[in-house]
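Source: prediction; values computed, not measured.
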Amino acid sequence: MSNQAITSGTTLVVVPCGKAKIWDKSPQAGPTAARDVYVGSPFKVNRTYAERFGDRWVILSAKYGLIDPDDIIEEPYNVTFKDVRTNPVGIGTLRAQVTDAHLGGNGLVLALGGKDYRRVLQAAFAPTEVVFPFAGLPLGYALRATKRAVVEGVAIPAH
């Protein structure tokens, strides 16, 4: 993970991983950069937002925690914060990643994703405030709002 610190005036965007992975479409793909592992529409929309508005962006993976887009994922996995039986990464590990990768800092932290990701990220980044610009919207509405934000060039739209 990069040690580029999030400082005053910079923006970090945290994007949730996705269930659909490259190996679902191309089983022979082999080890792949995280930015290309997640192939579902929600991830693609969120990635576009992150690339548009983030000085830096990371992916929240239930298996690996906070990972850089260039980190290599070796093989398929199916871990989710919604099911503890899948053994998702713990809050302590996420807090250590935030500290070690200098993600908290004094800049703006924007995060995308549903309530399970919100709960985890708020705990991991505390006391740093994490802003969820599309919180509370059902998935379809959140994705439309995310696309609109990118087109309009407004990271945090007025509600």
Expected list for residues 110-125: side-chain donor-acceptor pairs under 3.5 angstrom, two or more places apart:
none

S61 (side chain) donor-acceptor with C17 (main chain) under 3.5 angstrom: no
Exercise: identify the closest heavy-atom pair between D36 and R47: OD1-NH1, 3.4 Å
Sequence-distant partners of D24, salt bridge (charged side-chain N to carboxylate O under 4.0 Å, His left out), two or more places apart: none
How about V151 and R148: do any of their side-chain heavy atoms sit closer than 4.5 Å? no
List in chain and number order the residues that pass ring pair (Phe, Tyr, Trp, His ring centres under 6.0 Å) with Y49, two or more places apart in sequence or in another chain; answer none if no residue qualifies. F53, F134
Nearest heavy-atom approach of V150 to R52 is O-NE, 3.6 Å
Assess whether side-chain contact (heavy atoms from CB on, under 4.5 Å) is satisfied between R35 and D70, documenting all intermediate values. CA-CA 6 Å; R35 73 175 65 245; D70 293 329; 3.0 Å; yes
Can you check whether D68's main-chain N or O pairs, donor with acceptor, with D71's side chain at less than 3.5 Å? yes
Do you know which two heavy atoms are closest between V131 and L108, and how far apart they sit? CG2-CD1, 3.8 Å
Apply the test side-chain contact (heavy atoms from CB on, under 4.5 Å) to residues L103 and L66: give CA-CA distance (whole Å), side-chain angles for both, the deciding distance (0.1 Å), then the verdict. CA-CA 10 Å; L103 297 176; L66 296 161; 3.9 Å; yes
Is there a continuous path of hydrophobic side-chain contacts, each under 4.5 Å between heavy atoms, that joins V109 to V154? no
Is there a side-chain contact between I67 and I73 (heavy atoms, below 4.5 Å)? yes
Do the side chains of I72 and W57 join up, straight or via other hydrophobic residues, at under 4.5 Å, putting them in one cluster? no
Between Q97 and D100, does a side-chain contact (heavy atoms from CB on, under 4.5 Å) hold up when you go through it step by step? CA-CA 5 Å; Q97 290 175 333; D100 294 346; 5.8 Å; no
Chi angles and distances behind the side-chain contact (heavy atoms from CB on, under 4.5 Å) call for N46, T146: CA-CA 7 Å; N46 291 334; T146 305; 3.9 Å; yes
For A155 versus P133, what's the shortest heavy-atom pair and its separation? O-CB, 3.8 Å
Residues passing the side chain to side chain contact (heavy atoms under 4.5 Å, CB included) test with T99, sequence neighbours excluded, are none
What I'd like to find out is whether the side chain of V79 reaches to under 4.5 Å of the side chain of N87, using heavy atoms alone. no
What's the shortest heavy-atom distance between R56 and H102, and which atoms? NH1-O, 4.5 Å
Euclidean distance, K63 NZ relative to T86 OG1, rounded to 0.5 Å: 10.5 Å
Can you list, by chain and residue number, the hydrophobic cluster partners of L139 when the side-chain cut-off is 4.5 Å? V45, L143
Smallest heavy-atom separation, F81 atom then P88 atom, equals CD2-CB, 3.7 Å
Is a donor on one side and an acceptor on the other found under 3.5 Å between the side chain of K25 and the backbone of W23? no
Applying ring pair (Phe, Tyr, Trp, His ring centres under 6.0 Å), name anything that partners Y77, two or more places apart in sequence or on another chain. Y64
